[in-house]
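To start, the structure under review is shown below, and the notes come after it.
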4 protein chains.
Amino acid sequence: MGLRERRREHTVQLIVAAAAEVFGRRGYHASSMEEVAKATGCATATLYGYFPSKEALFTKVVMDLMGAYLAGVTAALAGASTFEASVHGLFEHFERFAEEQAAVIRVVHTAMRTAQLGPTTSTDEILGLIATYRAAIGPVFDRAVAEGLLAADRNHEPLYTLLLGTLHSASDAWLDVGADLRLGLHAARTLFLAGFPAVAAVLPGESS
Amino acid sequence: MGLRERRREHTVQLIVAAAAEVFGRRGYHASSMEEVAKATGCATATLYGYFPSKEALFTKVVMDLMGAYLAGVTAALAGASTFEASVHGLFEHFERFAEEQAAVIRVVHTAMRTAQLGPTTSTDEILGLIATYRAAIGPVFDRAVAEGLLAADRNHEPLYTLLLGTLHSASDAWLDVGADLRLGLHAARTLFLAGFPAVAAVLPGESS
Amino acid sequence: MGLRERRREHTVQLIVAAAAEVFGRRGYHASSMEEVAKATGCATATLYGYFPSKEALFTKVVMDLMGAYLAGVTAALAGASTFEASVHGLFEHFERFAEEQAAVIRVVHTAMRTAQLGPTTSTDEILGLIATYRAAIGPVFDRAVAEGLLAADRNHEPLYTLLLGTLHSASDAWLDVGADLRLGLHAARTLFLAGFPAVAAVLPGESS
Amino acid sequence: MGLRERRREHTVQLIVAAAAEVFGRRGYHASSMEEVAKATGCATATLYGYFPSKEALFTKVVMDLMGAYLAGVTAALAGASTFEASVHGLFEHFERFAEEQAAVIRVVHTAMRTAQLGPTTSTDEILGLIATYRAAIGPVFDRAVAEGLLAADRNHEPLYTLLLGTLHSASDAWLDVGADLRLGLHAARTLFLAGFPAVAAVLPGESS
DNA sequence: GATGAATGAGCCTTCATTCAT
DNA sequence: TATGAATGAAGGCTCATTCAT
């Protein structure tokens, strides 16, 4: 990559970082390009030299942050050989990531939670992202199956929902009402691990 | 209440119902007063005869729906004498409510999850609402304490978070990716009940 | 038509008149909605209560003015029984119309001359308008045929072009360099009538 | 002219050629400097190394093309000794020129026709250009006078208008509705020559 | 000389809100 | 009370132009 391109890429990163902060704090619709520009330290028009539209910028922000987060998830799970270790790894990664970049969590939550609150067009991409997220945590359940804790021929769907649900509930409480993040995550992990066998037992056979 | 006032109140309800549908479908910022008016079947200006602003309308919508929902929660919990029955009652109430009024859940989620996605000013009211929600499900844990499943002098905060987190994760998955609601709620309840003792055991002493 | 509609229609006419003046003076691209609003005596946003876009307003202006002009053309030709009288009628109508509403001629010329200078989308409508214009002056040549001045089985295309060309050249000179309109039209009419037989004689057989 | 200057002049020509194509196709206002740059094969900023503004570039384009065209006109008229030959020469030159460079005709028409469609400020230059154009075809009428077809002490103004009007009407029809150029020009020339005596007879005495 | 990047000004359009009827 | 109409205040986006490299 030439020098020019590097500089450009750097600027893109600065914009994305500023935009992440703004979008995370105000949501998509309430954020204005002028606000993002001010946060970046440039003129509004400058943003359009890097992104063709507000929506494209938003999508880039979500994709980038989510990509970084998911890469960490994958790495964390790669280093865990048992089901329990996987869950621990996932929660630890989340905690680290959340503390470093609260804004990130905010945008990602915002985006994932509310396809309908973001711009219409990128809905598909966001849904794809949700799918990617679920795929990334798949190894957790592969290990559960390998360890005999979970039958392979069951509908695992609710497990994904619950793992992410308990995980995110802690960060939501942290962001929304200022609850203790570490404690929340600890409790969430405990609940998930302790309740897992019972849930596994009630899952119906694979279907849709 | 005079006849005049009754008629007015009726109109208010019609508007709120229409607004709930619109806000639930599009979110606060993406919804326009014109859209709400069209859904109500009146002119935009008419809305201002009943609500001083878009924000006030939104707040009213959230408050009303949440109030109805919470009344149901309270009723459901009043009729349950044990911890387990309480949890069952809560989930059943939720399921019934969600199926009847998907839009309601959408707005409430939207509102609760993201103070920042709604209008800035009403944040306080929404936070108050969250507190009310938590208070409404308090009886669940009172029963757990009464049954000796939970020590009274512990920080119950994470329990509230987790109960609501598991509950809502199911409806989120239902709304966002079309997951099976009944199955999701069943799994969530199972997880919560089975994992509860373990979580209760790791809760730290009362603090904040 | 109710009173409401009448008032509305009246406002539409006021806007169209103001817009005709502005578009006629500055052309489509150089005119701004703010300028039109100022000429109308209202706020910019008000225009959007009557027209969905700048382009729609422009199209309406052109269509309306052209429609009025063509109605006059048709009427003038209906009252003329000979070829020569037709041509006289056409020129007289044009002169009257031009003096009354110079702006009209400007917009129409602008629009007709340069589909590509107006908004892209309405190009088709403008081409259709050109076709309508040509159709409106058709009777002139029907009479020429009836009087034996013109063979029916010839390509009349160049005649249309020349009749309008001589006619418009006079108004163009009037608008652009301040030439005398009456004199110009007189000369144009004289040229057309005197040269017509010669042109009719050189027209090729009907083809495309 | 040094080598350096020659190279510069060459670049100027490349830009003017590209700009002529763009302005001819889209008109002044709808053309962007970026579009011109792309057509030239250089960066937008580069254009400013050769022209101080968009307007200056437009003016240069018009002046250059018109200059080339008028030089041809002058040459054609110089080689024609009679009135009729002059008119023939003019039309032939026009036909050759138009077929070679349709874009040229487009820009020139655009510019001449509509001072208001080009940039406001250069109106004077364009008016001067119109005057130059008229001067260039002056010899046609000088010959008419010499041949006794036209009285010298009359207002020749309408003749200029009509000669150019008939000429241009053919190319307009060609450009706008795809009419046959050669046929149109033939008809136009025929009309002009055949009708000329009659017009000459009705011209008033010299005045403005 | 050439260009990528930056930007101020401006344009079209939307929308919450007000007001006269 | 209901509403059509009017509007100020943005907001997203474009573009001619400048400047540092």
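Being a predicted model, the structure only gives us computed values, none of them experimental.
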Handout entry: Interatomic distance, A:Tyr48 OH vs E:dC11 P [rounded to whole Å]
Key = 17 Å

Handout entry: Nearest non-hydrogen partners of A:Ser31 and A:Glu35, listed with the distance
Key = CA-OE1, 3.9 Å

Handout entry: More than 12 heavy atoms of other groups within 6.0 Å of B:Arg7 CZ
Key = no

Completion exercise
Re E:dC15: Watson-Crick or G-U wobble partner, both distances kept under 3.5 Å, found to be F:dG8

Exercise for the section: Determine the contact category for B:Thr11: base if any of its heavy atoms lies under 4.0 Å from a base atom, sugar-phosphate if only primed atoms, P, OP1 or OP2 are that close, otherwise nothing. Expected result: nothing

Problem - Partner nucleotide of F:dT21 by Watson-Crick or wobble geometry (both distances under 3.5 Å) - result: E:dA2

Handout entry: Euclidean distance, B:Glu55 CD relative to B:Thr59 OG1, rounded to 0.5 Å
Key = 5.5 Å

Practice task
Would you mind classifying the nucleic acid contact of D:Arg4 as base, sugar-phosphate or nothing, using non-hydrogen atoms under 4.0 angstrom?
Solution key: nothing

Exercise for the section: Please state whether the phosphate of E:dA5, meaning OP1 or OP2, lies under 4.0 angstrom from any side-chain nitrogen or oxygen of A:Arg8. Expected result: yes

Fill in the blank from the handout: Of the listed E:dG4, F:dG4, F:dG12, the closest approach to the D:Ala45 side chain comes from E:dG4

Problem - Spacing between C:Lys38 atom NZ and F:dT7 atom P, to the nearest angstrom - result: 14 Å

Exercise for the section: Remember a base hit wins even if backbone is also touched, and classify B:Phe51 as base, sugar-phosphate or nothing at under 4.0 Å, heavy atoms. Expected result: nothing

Problem - Spacing of C:Glu34 atom CD relative to F:dG8 atom C1', expressed in whole Å - result: 12 Å

Practice task
Could you check whether C:Ser53 gets within reach of a base, just the sugar-phosphate, or nothing at all, counting any heavy atom under 4.0 Å?
Solution key: sugar-phosphate

Handout entry: Chi angles and distances behind the side chain to side chain contact (heavy atoms under 4.5 Å, CB included) call for A:Leu14, A:His10
Key = CA-CA 6 Å; A:Leu14 292 181; A:His10 181 237; 3.9 Å; yes

Problem - Separation of atom CD in A:Glu35 from atom P in F:dA10, rounded to whole Å - result: 13 Å

Exercise for the section: Would you kindly compare B:Ser31 and D:Cys42 by the position of their nearest DNA chain E nucleotide and give the one closer to the 5′ end? Expected result: D:Cys42

Handout entry: Comparing C:Ser32 and D:Ala43 on DNA chain E - which has the more 5′ nearest nucleotide
Key = D:Ala43

Exercise for the section: Give the rounded distance in Å between these two atoms: CD1 of A:Ile15 and P of E:dA5. Expected result: 11 Å

Problem - Pi-cation contact, C:Phe23 with C:Lys54 (under 6.0 Å, within 45°) - result: no

Handout entry: Interatomic distance where CG belongs to C:Leu47 and P belongs to F:dG4 [whole Å]
Key = 20 Å

Exercise for the section: Check whether any side-chain N or O of C:Thr46 sits under 4.0 Å from OP1 or OP2 of F:dT7, and answer yes or no. Expected result: yes

Practice task
Assign each of D:Thr44 and B:Gly49 to its nearest nucleotide of DNA chain F by heavy atoms, then name whichever residue's nucleotide is nearer the 5' end.
Solution key: B:Gly49

Problem - B:Arg7, nearest nucleotide to its side chain (from F:dA5, F:dA2, E:dT18) - result: F:dA2

Handout entry: Between P of E:dC11 and OH of C:Tyr28, the distance in whole Å
Key = 13 Å

Problem - Length of the CG-C1' vector between A:Leu14 and E:dA6, whole Å - result: 15 Å

Problem - Heavy atoms of other groups near D:Glu34 CD, more than 12 under 6.0 Å - result: no

